2 protein chains.
Amino acid sequence: MTTIRDVAKRAGVSVTAASYALNDTGTIAEATRKRVLDAAVELNYHPNAFARNLKKRKTHTIGVFISRFGGAFYEEILEGIHSVILDTDYELLVCPESRSARRILLHRQVDGAIVFDSKIPDEPLLNLASYHFPIVVLDRALQNDFILPLLLDNAQGVREAFAHLYQQGLQRMAFVAGAEDSFDNAERRDAFLTEAQQHSLFVTVVPGNFTEISGYEAANLILQSDILPNAVFCANDQMAIGFLRAMRQHGLRAPADIAVVGFDDIPLARYMDPPVSTIGTSRFEWGASAARQLIDFLDNEIPFQPQRIPTRFLPRASSMLSGAP
Amino acid sequence: MTTIRDVAKRAGVSVTAASYALNDTGTIAEATRKRVLDAAVELNYHPNAFARNLKKRKTHTIGVFISRFGGAFYEEILEGIHSVILDTDYELLVCPESRSARRILLHRQVDGAIVFDSKIPDEPLLNLASYHFPIVVLDRALQNDFILPLLLDNAQGVREAFAHLYQQGLQRMAFVAGAEDSFDNAERRDAFLTEAQQHSLFVTVVPGNFTEISGYEAANLILQSDILPNAVFCANDQMAIGFLRAMRQHGLRAPADIAVVGFDDIPLARYMDPPVSTIGTSRFEWGASAARQLIDFLDNEIPFQPQRIPTRFLPRASSMLSGAP
DNA sequence: TTAATGGAGTGAAACGTTTCATTTTACCCT
DNA sequence: AGGGTAAAATGAAACGTTTCACTCCATTAA
């Protein structure tokens with residue numbers, strides 16, 4: 001491996017001069033600068049990132065901590081993040097699991113983090129932030145000068161979907177909830193309950209955990225009641241798909257018997273039969289915002305600006321009564 | 001940040017002793033060892049990864065270079081890789097774009113690489129390998145003591161699919177090709193042509209580029225011919241899906257009018273109407289193999305063992321004539 | 001008693017950069 | 001010609017580890 005020492009020797013200058021020339025800092029005459037740069041090319045020199053990071057106390061890497069690679073959900077967020085990183089001189093370190101997340105964060109191998117993994121508890125994040133380490137969280141409402149929550153506007157989407165159902169005269173509604181520890185689930189459920197209350201509707205809430213199977217089981221539970229709901233709101237699309245599967249097995253059809261709405265707009269939702277009404281957002285934009293704010297914070301010390309990521313209701317066949325708008 | 005110096009001072013020993021104690025090397029009395037460890041805990045000490053890497057000339061990170069995050073295709077491979085990495089003390093650096101790939105590799109920020117990005121040319125990989133840098137390639141047939149190709153057994157899957165079509169009496173076949181520069185496309189096409197030749201079949205090959213739209217266009221081209229094929233083999237599922245869409249628009253049905261087969265077994269294939277026959281593999285296992293061999297090479301100097309990843313044909317409705325097995 | 005042995009611990013160099021403080025060089029102005 | 005100044009270049013310290021080579025001391029063997 002060729003080092004800066006070799007380059008300096010070849011260019012006939014001191015190591016310092018070589019460093020200044022390479023980094024375009026300090027004061028170096030144009031002629032010598034050129035000589036150094038040429039020498040670097042000739043020797044195929046590439047600075048050792050570790051030595052540099054050690055000295056500069058900066059890694060030029062941002063870490064993304066998600067709970068797993070799987071799922072179109074994360075994909076699009078990652079692509080959004082990546083699209084922003086591309087235009088900077090930062091690297092991306094993607095860590096799909098909380099165990100190694102701890103190690104990476106503690107060893108300060110990144111300059112900042114984007115977190116979307118509810119398995120990582122709040123406490124270590126707050127601790128990191130207290131050392132002025134910047135973090136963007138996509139899955140919790142933590143706030144702090146060094147922590148930026150960038151959350152979905154869950155309530156907005158729920159309101160739109162609710163209105164859509166209500167305007168079609170559907171009044172016997174049920175909500176299939178997601179995982180208990182999920183922030184988004186709580187917001188979606190609360191928004192739904194608020195709407196119900198404002199419209200003086202009595203609604204039922206059935207537990208679930210975001211998996212297709214839990215939606216399936218929720219349906220089996222609901223379908224045992226004497227009076228069936230005529231609209232069901234699932235806290236995500238997977239559960240809506242499970243719910244629809246159970247309905248089919250009971251000989252029921254959506255939306256004629258029960259209108260079904262999901263959340264997230266996963267790709268599959270559009271391909272189901274019937275296509276599933278859902279609430280979507282631009283996940284690409286979401287990731288991009290996160291990266292943009294983090295980079296701005298790191299490079300230009302622009303303070304974090306909390307904001308909500310807009311969501312919108314996407315009406316599809318699973319909840320459109322024939323003759324409805 | 002607390003350094004090893006602080007720990008040493010607190011434990012009342014030299015820096016050397018602290019280092020030995022923490023790394024369990026050298027000769028340190030049990031009592032002092034314990035004192036050092038306790039001090040480290042009390043001070044919440046975590047070694048600086050850069051200083052360590054700089055000194056040890058090892059990063060304990062492996063790099064994965066893919067062309068983008070999107071696509072269920074990469075997801076499962078990544079999960080397979082990750083599942084292996086988890087049990088080691090390595091980190092994962094995922095880089096979804098060839099531009100930064102170059103930087104990372106050149107700056108030696110990883111100890112080894114897994115490459116699945118045809119936009120990265122062979123030459124830099126060979127160059128790296130010449131410095132004894134180990135690389136697993138998933139998308140090309142490069143071979144070298146330090147380069148391990150881990151490729152799909154494309155021919156196997158194609159043979160099975162071909163037999164399936166042929167045994168149903170389908171003899172007018174066409175092949176919709178993928179991107180020109182793709183190794184897998186070349187193998188699939190060649191295997192198909194070989195089969196056709198062995199069965200004395202005259203077949204047509206239509207160009208494509210792996211996108212759904214190119215499958216759609218290929219179909220429009222094919223459907224103009226006087227004599228339609230009765231079986232079409234697409235080099236991947238996306239194109240098969242595009243092909244089916246075009247067929248529908250022309251009022252044709254699969255498999256009755258044309259039997260359609262894809263390749264890759266993407267999740268959507270199973271959900272199409274009709275479900276798309278395809279050729280699948282365990283991508284999770286694929287990724288896991290790659291990671292396993294790389295780690296074994298790095299940690300235990302076990303030489304690379306080239307192997308083919310098995311594929312198998314998955315018959316579904318899009319190619320099963322009624323009454324067929 | 002002395003020499004050899006080996007366990008426990010230490011000092012200092014090294015990894016490859018960056019950057020502060022300083023020196024050298026070149027130029028300009030009276 | 002000489003002092004002043006700015007530009008250009010340099011030496012050396014520092015970043016936080018690891019590790020080589022060495023010392024010190026107690027124990028054992030002769």
Side-chain angles (χ1 to χ4, degrees), chain A residues 1-40 43-61 89 91 103-104 106-111 131, chain B residues 1-40 43-61 89 91 103-104 106-111 131:
Chain A
M1 278 290 80
T2 122
T3 79
I4 200 174
R5 196 157 261 108
D6 304 321
V7 174
K9 190 178 297 175
R10 172 122 188 182
V13 296
S14 71
V15 170
T16 308
S19 175
Y20 284 157
L22 259 7
N23 293 295
D24 221 350
T25 56
T27 59
I28 296 288
E30 194 47 44
T32 45
R33 199 177 107 78
K34 179 150 179 4
R35 243 185 318 137
V36 171
L37 263 34
D38 288 349
L43 296 175
N44 191 24
Y45 166 75
H46 295 281
N48 178 304
F50 298 112
R52 160 175 282 170
N53 290 340
L54 174 59
K55 183 64 193 178
K56 299 188 95 157
R57 298 148 152 283
K58 193 148 194 298
T59 69
H60 272 278
T61 302
D89 55 350
E91 288 332 326
R103 223 172 18 195
I104 291 175
L106 285 174
H107 295 202
R108 281 290 190 297
Q109 298 198 67
V110 292
D111 291 340
Y131 290 116
Chain B
M1 280 289 80
T2 120
T3 79
I4 200 175
R5 197 156 261 108
D6 304 321
V7 174
K9 191 179 297 177
R10 171 120 187 183
V13 297
S14 69
V15 170
T16 307
S19 175
Y20 283 156
L22 291 166
N23 293 296
D24 220 349
T25 55
T27 59
I28 297 288
E30 194 46 46
T32 46
R33 199 177 108 79
K34 180 155 177 0
R35 244 184 318 137
V36 171
L37 263 35
D38 288 348
L43 296 175
N44 191 24
Y45 166 74
H46 296 280
N48 178 304
F50 299 113
R52 160 175 284 169
N53 290 342
L54 175 59
K55 184 64 193 177
K56 298 187 97 158
R57 300 148 150 284
K58 194 150 194 295
T59 69
H60 271 279
T61 302
D89 54 352
E91 289 333 326
R103 220 167 27 189
I104 292 176
L106 285 174
H107 294 201
R108 281 291 191 294
Q109 298 197 67
V110 292
D111 291 340
Y131 290 116

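Since the structure is predicted, the reported quantities are computational estimates derived from the model, not experimental observations. The chains referred to below are lettered A, B, ... by the order of the sequence lines, with proteins before strands, and numbering in each begins at 1.
Remark: C1' of D:dA8 and CZ of A:Arg35 are 12 Å apart, rounded to the nearest angstrom. Computed from coordinates, the A:Lys9 NZ to C:dG16 P distance equals 13 Å when rounded to whole Å. Spacing between atom CZ of B:Phe50 and atom C1' of D:dT18 amounts to 17 Å, rounded to whole angstrom units. For the pair B:Arg5 CZ and C:dT10 P, the interatomic distance rounds to 14 Å; values are reported in whole Å. Spacing between atom NZ of B:Lys55 and atom P of C:dT17 amounts to 15 Å, rounded to whole angstrom units. Atom CD in A:Glu30 sits about 11 Å away from atom P in D:dA9, given to the nearest Å. Counting to the nearest Å, the C1' atom of D:dT19 and the CZ atom of B:Arg57 are 13 Å from each other. Look at CG on B:Leu22: it is 14 Å from P on C:dG9, rounded to the nearest Å.
Applying the 4.0 Å criterion to OP1 and OP2 of D:dT18, one finds that B:Asn23 has a side-chain N or O inside that range. Regarding contacts with the backbone of C:dT18, every side-chain N or O of A:Thr16 stays at 4.0 angstrom or more from both OP1 and OP2. Between A:Thr27 and the phosphate of D:dA8, there is no side-chain N or O to OP1/OP2 separation shorter than 4.0 Å. OP1 or OP2 of C:dT17 has not a single side-chain nitrogen or oxygen of A:Tyr20 nearer than 4.0 Å. The shortest distance between the side-chain N/O atoms of A:Arg52 and the OP1/OP2 oxygens of C:dT18 is below 4.0 Å. For A:Ser19, a side-chain nitrogen or oxygen approaches OP1 or OP2 of C:dT18 to under 4.0 Å. The shortest distance between the side-chain N/O atoms of B:Thr25 and the OP1/OP2 oxygens of D:dT19 is not below 4.0 Å.
Closest approach of A:Ile4 to A:Tyr45, counting heavy atoms only: N-CE1, 3.3 Å. Listed here is the closest heavy atom pair of A:Phe50 and B:Asn53: CE2-ND2, 3.2 Å.
Nucleic acid contact for B:Val13: sugar-phosphate only, since backbone atoms but no base atoms lie under 4.0 Å from a heavy atom of the residue. Among the protein residues, B:Ile28 comes within range of the sugar-phosphate backbone only, with heavy atoms under 4.0 Å from sugar or phosphate atoms but none that close to a base.
Two residues are said to be in side-chain contact when any heavy atoms from C-beta on lie closer than 4.5 Å; B:Thr3 and B:Asn48 fail this criterion. Side-chain contact between B:Thr61 and B:Gln109 is absent, with no heavy atoms from C-beta onward closer than 4.5 Å.
Of the residues near DNA chain C, B:Thr32 and A:Lys56, the one whose nearest nucleotide (by heavy atom distance) lies more toward the 5' end is B:Thr32.
In this structure, A:Arg10 does not pair ionically with A:Asp6, as no charged nitrogen and carboxylate oxygen lie closer than 4.0 Å.
Nearest nucleotide to the B:Ser14 side chain, out of C:dG9, D:dG16, C:dT10: C:dT10.
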